[in-house]
Amino acid sequence: MPLLKIARLGHPVIRDGAEPVTDAELKAQGTQRLIDDMVDTMRDADGVGIAAPQVHVAKRIIVIEVSADNPRYPHQDSIPLTVIVNPHILSQSAEQEEGWEGCLSVPDLRGLVPRAYSVELAGMDRYGDELHLRASGFFARVVQHEVDHLDGHIFIDRLPDLSTLTHLREYQKYWVNS
Ligand code: NI
C-alpha cells in the first residue's frame with residue numbers, strides 16, 4: 001500500500017481543522033483505503049499516532065499504535081492499533097502530567113507538554129460501530145495530541161514554557177532521562 005506524504009507545519013491543512021466523517025463516507029472504499037494508508041504511513045515514520053489532516057485529508061480520523069520497540073518513543077507501554085473516527089473527548093481528569101511530545105508534522109522537535117492524565121473518549125471504529133474508551137498516561141497523551149490535530153492545534157501551542165523546545169538529537173543527549 002502506498003505511503004502518504006505527511007503535511008508539515010505551515011501547510012494550511014495542519015491549521016484548518018477537519019470535518020466529521022459521514023456514515024456513507026466511512027463505508028466508501030476510498031475512506032477504508034485512507035485508513036489503511038494512514039496506518040502504513042504512521043508505522044513507516046515510527047509515529048505513535050497520526051491524524052488525517054497530517055496526510056492532507058481534512059476529515060476527523062485518527063490512528064494510534066505504540067509498539068514497545070518504537071525508536072522515537074522507547075520505554076512506553078505498547079498500545080494496540082486503534083482507529084477512531086469522529087472522536088470526541090467526553091471528559092478529562094483535572095490531574096495533569098507533563099511529558100515530552102513530538103509530531104510527524106513538526107519534524108525533529110520535542111517539547112514538554114502538560115496534558116490531562118486520563119480521558120474518556122467516544123467515537124466510531126472504522127466499521128462505524130460505536131467506540132468508547134478510557135485512556136490514561138501515555139495513551140491519553142497521544143489521544144489528546146491527535147484530537148488536537150483535528151481542531152488545527154499542534155503540541156507547540158500547548159507548551160507553557162517554550163524553552164523546553166529541543167531538537168531530537170539534543171533531547172536524546174540532554175533530556176531523555178529527565
Ligand atoms: Ni502530531
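As the structure lists them, so they are numbered: ligands from 1, and atoms in each ligand from 1.
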Asker: Looking at Glu101, Gln96, Gln144, Glu98, which hits side chain to side chain donor-acceptor pair (under 3.5 Å) with Arg115?
Answerer: Glu101
Asker: Ignoring hydrogens and angles, state whether a donor on the side chain of Glu25 or Thr31 is under 3.5 Å from an acceptor on the partner side chain.
Answerer: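 No, Thr31 and Glu25 have no side-chain donor paired with an acceptor closer than 3.5 Å.
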Asker: Taking the Ni ion (ligand 1) as the centre, how many protein N/O/S atoms fall inside a distance shorter than 2.8 Å?
Answerer: 3
Asker: Tell me, which pairs form a ring pair (Phe, Tyr, Trp, His ring centres under 6.0 Å) where one or both residues lie in residues 19-46, sequence neighbours left out?
Answerer: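 Every pair satisfying ring pair (Phe, Tyr, Trp, His ring centres under 6.0 Å) with a residue in residues 19-46: there are none.
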Asker: Can you name the side-chain contact (heavy atoms from CB on, under 4.5 Å) partners of Arg134, sequence neighbours left out?
Answerer: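 Testing Arg134 for side-chain contact (heavy atoms from CB on, under 4.5 Å), a comparison that skips the adjacent residues, returns Glu120.
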Asker: Please list, chain by chain and in numerical order, all residues satisfying side-chain hydrogen bond (donor to acceptor under 3.5 Å, both in side chains) with Glu146, sequence neighbours excluded.
Answerer: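 Per chain and number, Glu146 pairs via side-chain hydrogen bond (donor to acceptor under 3.5 Å, both in side chains) with no residue.
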Asker: Between Phe138 and Tyr73, what is the ring plane arrangement, given parallel below 30°, perpendicular above 60°, and tilted in between?
Answerer: tilted
